[in-house]
Structures are given as structure tokens and as C-alpha cells.
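Working notes for the structure below.
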Amino acid sequence: MKDLHAAVRLSCCLLVGLPSTASAGQDLSVLGGAALYSLKEHDRNGGLLVHESGWTPQAALAWHRHYGLYSIGLSGDLVAGDIDYEGQTQTGIPHQTVAQHIRGQGTLALTRHFGRAGELSGLLRLEADWRDLQPRGNVSGAQEFYRHVWLGAGYAYEVWQASGHSVTMRTAWMKPVNSQQDVYPQNGTDDFTLALDQGFAWEAGVDYARRYAPGREWLLQAQCRHAHFDASPPILATINGAANGSAYYQPEIEFRTCGVSVGIRRSWP
């Protein structure tokens, strides 16, 4: 709750003095590219249990409306594709298969601009990740749905500007205020939900913009995002509601995407 209260205070501070006059303008960005998607799970001693890695296509949209020193932004992106899974089952049997992933997220940003000193944003992010582990050999598959609500802060700084060109660095730090994992086993046990209570996320990126016409820019964006969660509390496995003597838990897990996108940005009053 401390993280929630801190984020609420930051957002309130950013909104203080928000003028009620007409906005100074707005912009819309559309980008597409590719990202290296990686997932790792570790045991309680830090040993690697699972590693998934592979290139996937990605697409993103971002809209901002500006009010003098302030702006409101909505953005979203989608990453989807098949990536290679190498690890082991919960009983320790080595296993290789393919994991199908669909990850999407949407972010609301409230931003205060400080001129040459950069800009500070309060962030609210909703994120979902569908993970479908394909069965192979005598090992059954599983389907998992991760859903996260994040609160955090971001900072951006324009490090270079010339006639029609600019380079901006971005960074952000977030904490989950609600994070769960729904699991749908295919081995006869009941579906269950795990709580991912402890975690954090960061992201860093650089944007290059080149104006090619009034109100129009080419964009080149490179970005990395990383999310980490501690091991979840265990829960008893059940079959038709009756405990079967075993338990499930989510080991320490981390997600990372690093990618490059190109696109356009259109600005208008």
C-alpha cells in the first residue's frame, strides 16, 4: 500500500495547476518492429529452472494531449509469437517445447514538463500475458494467464536536438499493486490462481525523431523492459476440489523484452 499511496501523491502533485484552457496540441504515434522476448524461472537457490527466448513482432500506439506544462498520454503495445522453451517439469524431468505468448499492455501517463530539465510522469499500467506451453512427448502442456496492475514514475530527457532532429532518453520504475497468475493444467488437476505479491519492473529506451513535414515525424525507438517477481506462496493441488497431496507454486520469474521499432508521429492543434 505504501507504493500505491506514493504513486497517488505523485499523480496529484503533477496535476496541481493543470489549466482548464484549451490544449496546446496533441500527437499520435504508430510503430511496428521486433522484440527479443525472454522468460526465466529460478529455484530457491538461484538455479535456472526454465529459459524461454525468441524473437517476436511487436506493434505500439501512443496518444498525448498537451496542456501547457502538462500532458495526458495513453499508450499500448502488443507482442505475440512462439518462443523456445527449455527447462524441466515441476518434478525435475528435463523438458523442451514451444511456448506461445501474447502480451499486451496499456499505460496512462500524467506528465509535468520542466523545459530543458526534462519531464516527470506518474504511470498507471495494465498488463496481461497469455502463455500456452505446448505438450510434447509424455509431458502435458499448460496454459497460464498473467495479469498485473502497475504504478510507478517515469522520466524523459531530450539529450540532443538539431534542425528537424531530436534524441530523447526515457526511463521508468514500477511496482505491482495487484498481480496474479491463473493456471489451467492439462494433467487432470483443477485450475488454480497464484498471487505474485512481491516484484518490480523497470524500462529504459531511446527515441530518435526526424521531422519530414510540418506536424509529421519519422520515429526510431529502441527499448528494454524487465519485470521480476519473487516466488509465490504455494497452494494445494486439487482434483475435483479434493487435495491430492501435492502443491503448486510459481518459482521466481522474470520477463524481459528488448526491441526496435520504426513508425510515424502526427501532431496537430
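- Sorted by first then second residue, the disulfide bond (SG atoms under 2.5 Å apart) pairs that include residues 92-134, not counting sequence neighbours, number zero.
- If you take CG on Leu110 and CG on Leu124, they are separated by 8.5 Å, rounding to the nearest 0.5 Å.
- Residues Arg211 and Glu217 are not paired through a salt bridge, judged by the lack of any N-O separation under 4.0 Å between the basic side chain and the carboxylate.
- In this model, a donor atom of one side chain and an acceptor atom of the other lie less than 3.5 Å apart for Tyr146 and Glu144.
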task: Determine, step by step, whether Gln181 and Thr193 satisfy the side chain to side chain donor-acceptor pair (under 3.5 Å) criterion, reporting the C-alpha distance in whole Å, the side-chain angles of both residues, the deciding distance to 0.1 Å, and the verdict.
output: CA-CA 6 Å; Gln181 174 189 0; Thr193 298; over 6 Å; no

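- Taking the side chain as every heavy atom from C-beta outward, Arg136 and Val98 approach each other to under 4.5 Å.
- Screening residues 171-209 for disulfide bond (SG atoms under 2.5 Å apart) gives no qualifying pairs among residues at least two apart or on separate chains.
- In this structure, Trp63 CH2 and Ser71 OG are separated by 9.5 Å, a value rounded to the nearest 0.5 Å.
- Residue pairs meeting the disulfide bond (SG atoms under 2.5 Å apart) criterion with at least one member in residues 218-269, sequence neighbours excluded, are Cys224-Cys258.
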Do any side-chain atoms of residues 149-169 form donor-acceptor pairs under 3.5 angstrom with protein atoms, and if so which ones, sequence neighbours left out?
{"from": "Trp150", "atom 1": "NE1", "to": "Glu127", "atom 2": "OE1", "distance (Å)": "2.9"}
{"from": "Tyr155", "atom 1": "OH", "to": "Ala117", "atom 2": "O", "distance (Å)": "2.5"}
{"from": "His165", "atom 1": "ND1", "to": "Tyr208", "atom 2": "OH", "distance (Å)": "2.6"}

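- Linking Ile, Leu, Val, Met, Phe, Trp and Tyr residues whenever their side-chain heavy atoms come within less than 4.5 Å leaves Tyr184 and Tyr248 in two separate clusters.
- Criterion: ILVMFWY side-chain heavy atoms under 4.5 Å apart, direct or through other members. Under it, Leu36 and Leu39 are not part of a common hydrophobic cluster.
- With Asn244 contributing its side chain and Ser246 its backbone, the two residues share a donor-acceptor pair below 3.5 Å.
- Side chains of Leu120 and Phe114 form a contact here, defined as non-hydrogen atoms less than 4.5 Å apart.
- In this structure, Trp218 CH2 and Arg210 CZ are separated by 9.5 Å, a value rounded to the nearest 0.5 Å.
- Using the six-membered ring where Trp is involved, His101 and Tyr37 have ring planes that are tilted, between 30° and 60° apart.
- Here Ile264 contributes atom CD1 and Leu219 contributes atom CG; the two are 8.5 Å apart, rounded to the nearest 0.5 Å.
- When side chains are defined from C-beta on, Gln100 does not count as touching Ile102, because their heavy atoms never get closer than 4.5 Å.
- Here the side chains of Met174 and Arg225 are not in contact, with every heavy-atom distance at 4.5 Å or above.
- Contact check for Leu48 versus Lys40: side-chain heavy atoms found under the 4.5 Å cut-off.
- When atom types are taken as modelled, the side chain of Asp82 and the backbone of Asp84 share no donor-acceptor pair closer than 3.5 angstrom.
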Donor-acceptor pairs under 3.5 angstrom involving side-chain atoms of residues 228-239: please list them, not counting sequence neighbours.
{"from": "His228", "atom 1": "NE2", "to": "Glu252", "atom 2": "OE2", "distance (Å)": "2.8"}
{"from": "Ser232", "atom 1": "OG", "to": "Gln250", "atom 2": "N", "distance (Å)": "2.8"}
{"from": "Thr238", "atom 1": "OG1", "to": "Asp190", "atom 2": "OD2", "distance (Å)": "2.7"}

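- Among all heavy-atom pairs drawn from Ala80 and Pro57, the shortest one is O-CD, 3.1 Å.
- Hydrophobic cluster membership differs between Leu31 and Leu74, with clusters built from Ile, Leu, Val, Met, Phe, Trp and Tyr side chains linked at under 4.5 angstrom.
- In this structure, a donor-acceptor pair under 3.5 Å is present between the side chains of Gln58 and Ser261.
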Side chain to side chain donor-acceptor pair (under 3.5 Å) between Gln105 and Asp77, intermediate numbers included: CA-CA 6 Å; Gln105 65 180 23; Asp77 61 61; 3.2 Å; yes

query: Should Asn178 and His148 be marked as a side chain to side chain contact (heavy atoms under 4.5 Å, CB included) after you check the CA-CA gap, both sets of side-chain angles, and the distance that decides it?
result: CA-CA 6 Å; Asn178 184 280; His148 316 292; over 6 Å; no

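- Residues Gln223 and Glu203 form a side-chain contact, since some pair of their non-hydrogen atoms from C-beta on lies under 4.5 Å apart.
- Arg147 pairs by the salt bridge (Lys or Arg N to Asp or Glu O under 4.0 Å) definition with Asp182, not counting sequence neighbours.
- Here the shortest heavy-atom pairing between Gly104 and Leu78 reads CA-CD1, 4.1 Å.
- Distance check: Leu123 CG to Leu108 CG gives 8.5 Å after rounding to the nearest 0.5 Å.
- In the hydrophobic clustering of this structure, Trp268 does not group with Leu61; members are Ile, Leu, Val, Met, Phe, Trp, Tyr whose side-chain heavy atoms approach within less than 4.5 Å, directly or through other members.
- Both Leu49 and Tyr85 are members of a single hydrophobic cluster when ILVMFWY side chains are connected at heavy-atom separations under 4.5 Å.
- Side-chain atoms of Ser38 and Arg256 include no donor-acceptor pair closer than 3.5 Å.
- Around the CD atom of Gln134, the shell of radius 6.0 Å holds more than 12 heavy atoms that belong to other residues, nucleotides or ligands.
- Going from atom CD of Glu52 over to atom CD1 of Ile83 covers 4.5 Å, rounded to the nearest 0.5 Å.
- In this structure, the side chains of Pro251 and Glu41 come closer than 4.5 Å at one or more pairs of heavy atoms.
- Contact check for Arg131 versus Phe255: no side-chain heavy atoms found under the 4.5 Å cut-off.
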task: Decide yes or no on side chain to side chain contact (heavy atoms under 4.5 Å, CB included) for His66 and Asp27, but give the supporting numbers first.
output: CA-CA 9 Å; His66 306 282; Asp27 60 73; 2.8 Å; yes

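- In this structure, Trp130 and Phe145 have tilted ring planes: the angle between them lies in the 30° to 60° band.
- Glu86 and His51 share no donor-acceptor pair across their side chains, judged by distance under 3.5 Å alone.
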